[in-house]
Every structure is written in structure tokens, then in C-alpha cells.
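Take a look at the structure below.
For the single chain, residues carry numbers from 1 onward in sequence order. Everything quoted here is computed from the prediction, not taken from an experiment.
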Amino acid sequence: MTFNENLIREAAYYNWENAGCPFGQDEKFWNMAIEQIYGKKANKSCCSKSASTKKTATAKKTVTKSKAKK
């Protein structure tokens with residue numbers, strides 16, 4: 001299965017934002033997004049490439065509210 005990094009990143013950002021933007025929990029929200037999108041538990045083998053290249057949720061803060069409504 002191929003993972004869409006941008007889709008995961010966006011879902012992780014919104015999960016993080018809805019949780020009140022907690023510091024230092026990016027991996028938790030990344031894995032939560034994978035579970036939501038693909039319906040399975042994330043493991044190191046499935047997302048090792050994505051996890052090493054992903055940006056933290058705070059870097060995604062430039063998303064506009066209009067995009068969030070789409």
C-alpha cells in the first residue's frame with residue numbers, strides 16, 4: 001500500500017489543531033491520521049520513509065481557514 005504523505009500531513013495537522021496544539025506529540029497525530037485514513041494501526045515499517053521526511057505539525061500552521069472548510 002502506498003501512503004500519501006500530503007494527505008496524512010494534512011489530517012495530522014487538523015487532529016493536532018483540534019487537540020489544542022500540544023507540543024511534542026507530532027508522531028502521535030501522524031499515526032492517528034494514518035489510522036483514520038487507511039483504517040489500520042501505523043507501524044514503523046509502513047511509514048518509516050514518511051516519518052523521516054515529514055514536517056512537524058507546527059510547520060503546517062499556514063493553512064488558511066477557507067481551506068479547512070473544503
In this structure, CZ of Phe23 is separated from CD of Gln25 (nearest 0.5 Å) by 10.5 Å
Distance (rounded to the nearest 0.5 Å) between Asp26 CG and Tyr13 OH = 14.0 Å
Looking only at non-hydrogen atoms, find the nearest pair between Phe29 and Trp16 and report the distance.
-> CD2-N, 3.7 Å
Quick one: are Asn4 and Tyr38 in side-chain contact, heavy atoms under 4.5 Å?
-> yes
How far does CZ of Arg9 sit from CD of Glu5, to the nearest 0.5 angstrom?
-> 4.5 Å
Sequence neighbours excluded, which residues qualify as side-chain contact (heavy atoms from CB on, under 4.5 Å) partners of Ala33?
-> Ile8, Ala11, Ala12, Asn15
Once you round to the nearest 0.5 Å, how far does CD1 of Ile37 lie from CD of Glu10?
-> 9.0 Å
